[in-house]
Peer 1: 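One structure coming up, written as structure tokens, with questions to follow.
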Amino acid sequence: MASYFEILLSITMILIAFYYYAVSNFDFWKKRGVVGPTPIPFFGNTKNLMFAKMSIRHYIKATYDQYKNEPMIGFYLMKEPSLILNDPELIKHVLIRDFSYFADRGAFVHEKTEPLSPHLFNLEAERWRPLRSRLSPIFTPGKLKEMFYLIIEYSQHLEKYLAKEVEKGEPLECRELTARFTIDVIGSCIFGIEMSALADERSEFRQMGRNFFDTSSFENVFRNKMKEFFPKLYDLLGYTIPERRLSSFFTKAVTDIIKYRQENDIVRPDLINMLMDLKAHPEKLNNIEVTDSLLSAQVFVFFLAGFETSSTTISNALYELAVNQEIQNKLREEIMEYCSKHKGELKYETVKEMEYLDKVFKETLRMYPVGSLLIRNAISNYTFDGTKVSIPNGTTVWIPVFALHRNSDIYPNPDSFDPERFNEDAVAARHPMHYLPFGDGPRKCVGARFANYPIKIGLITILRNYKVDVCEKTRIPYEFDLAAFLLTPKEGIYLKFTRVQS
């Protein structure tokens with residue numbers, strides 16, 4: 001009898017110890033005078049996230065909205081304290097002024113489980129700094145001007161593809177349409193290869209892109225949840241659940257391209273050529289080991305981030321223009337005016353001069369920012385300027401871009417599409433940290449400048465030829481896919497295209 005009692009007592013003591021361990025950190029923010037939602041044992045503030053009832057970006061927005069008059073908000077990812085910043089000056093310190101304290105994104109690099117995870121977005125500061133400095137020159141204004149004719153070439157492919165699709169008389173799913181265009185642009189401009197996404201619906205690169213962002217895939221959902229809530233366990237699983245499809249495909253694609261160029265003495269001013277140079281001269285990266293996986297990882301992230309963010313932005317812009325016909329008409333007038341100056345031929349300088357197109361571009365990114373959250377990890381102890389709040393090394397800081405962009409105190413009627421928010425006076429009246437679609441500071445999106453061109457040229461190509469309207473398949477109001485990595489619509493964006501009479 002005593003043995004049963006001892007067993008029961010032992011189990012009880014273990015449960016009590018586990019409970020106290022689970023809640024041991026829950027006074028972290030209270031001791032620092034930082035307000036926030038009350039955590040619950042074992043889950044912290046992440047119960048709805050773990051059971052997929054809410055996405056992290058929508059949880060951050062809901063928490064931000066609840067405490068939006070506070071400069072910072074404390075919450076708990078399970079038992080780990082995390083911080084949401086609201087005050088724009090504190091955000092500026094984290095992203096720019098005190099960047100050296102926040103040089104990491106806090107992302108785990110799972111090199112065993114995901115060989116393509118050590119890419120520019122994820123890498124810790126030690127490898128990120130030299131790699132970023134060597135790869136960023138690919139997006140200088142001079143390089144972009146050189147790439148411009150390639151984007152124009154694929155816009156002509158888009159025009160021909162669209163003409164065939166519109167003839168069928170059915171609504172078009174805009175994300176698929178624009179993804180094929182941006183995949184071809186990225187393939188040609190960044191990698192120097194023909195991806196044939198517009199010409200061939202079975203394009204392997206399109207299939208790989210679709211597979212990566214597939215929110216209906218159990219494997220994708222499982223991996224994302226594991227990485228989000230149990231990153232160390234996910235890493236320990238290592239060789240037992242390796243990601244094979246994408247890793248093997250991109251590694252083979254990159255090694256084949258490099259081999260072909262070496263054998264045929266081909267030199268192009270693109271990403272592949274830069275990576276080949278780094279492999280030949282690792283001293284340029286402070287003698288960081290330059291493996292095939294490291295090279296392939298950079299191609300992988302440029303491909304995925306480049307095509308998906310651009311195609312999503314184009315389709316989101318088309319959605320808002322279909323809903324707001326007067327804005328669409330005004331934009332088309334500008335497009336026609338500028339195109340007529342050069343007999344319909346688009347010039348690099350012409351696109352830069354189109355002010356209303358730029359406003360539409362910026363307003364689309366306000367409503368649907370590419371990076372809805374910016375994450376920074378403190379790499380040493382830090383005290384926020386003008387406060388008594390100190391955080392230890394390893395604390396995660398969240399900058400709620402989506403919430404800031406939809407804050408009615410900053411942007412009146414934030415859910416309405418209004419490009420005039422980006423006229424000169426309105427922009428000057430706002431704090432620069434209240435508009436962060438590509439982030440800011442040294443870890444700002446490396447391809448931000450490049451993104452302008454495929455997005456704007458895609459819109460020009462479509463709107464100078466077609467009027468876009470909502471139809472019976474258009475989901476209104478816009479509904480976000482809670483499981484998606486980016487801010488994307490649930491079940492796509494279907495619109496009706498009608499040829500414009502010239």
Peer 1: Answer yes when Arg127 and Glu289 have at least one side-chain N-carboxylate O distance shorter than 4.0 Å, and no when they do not.
Peer 2: no
Peer 1: Would you check if the distance from the ring center of Phe191 to the ring center of Phe302 is below 6.0 Å?
Peer 2: no
Peer 1: Is Arg97 salt-bridged to Asp385, going by a charged N under 4.0 Å from an acidic O?
Peer 2: no
Peer 1: Could you check whether Thr182 and Ser310, counting side-chain N and O atoms only, form a donor-acceptor pair closer than 3.5 Å?
Peer 2: no
Peer 1: Testing the 3.5 Å rule here: is there a donor-acceptor pair between the side chains of Glu320 and Tyr478?
Peer 2: no
Peer 1: Using side chain to side chain donor-acceptor pair (under 3.5 Å) as the criterion, list what pairs up with Arg475, not counting sequence neighbours.
Peer 2: Glu479, Glu491
Peer 1: Determine, for Lys444 against Asp440, whether the closest basic-nitrogen to carboxylate-oxygen distance falls under 4.0 angstrom.
Peer 2: no
Peer 1: If we ignore hydrogens and angles and just use 3.5 Å, is the side chain of Gln298 paired with the main-chain N or O of Leu120 as donor and acceptor?
Peer 2: yes
Peer 1: Taking Lys279 first and then Asp292, would you say they form a salt bridge - that is, a charged N and a carboxylate O separated by under 4.0 Å?
Peer 2: yes
Peer 1: Checking Tyr64 now: which residues fulfil side chain to side chain donor-acceptor pair (under 3.5 Å) with it, not counting sequence neighbours?
Peer 2: Asn86, Asn407
Peer 1: Show the atom names and distances, to 0.1 Å, of all donor-acceptor pairs under 3.5 Å that link a side chain in residues 100-107 to residues at least two apart or in another chain.
Peer 2:
unit_1	atom_1	unit_2	atom_2	d
Asp104	OD1	Ala125	N	2.7
Arg105	NE	Phe121	O	2.9
Arg105	NH2	Arg443	O	2.9

Peer 1: Taking atom types as modelled, find out whether Thr364 and Asn316 have a side-chain donor-acceptor pair closer than 3.5 angstrom.
Peer 2: no
Peer 1: Does one side chain, of Asn48 or Tyr59, offer a donor that lies under 3.5 Å from an acceptor on the other?
Peer 2: no
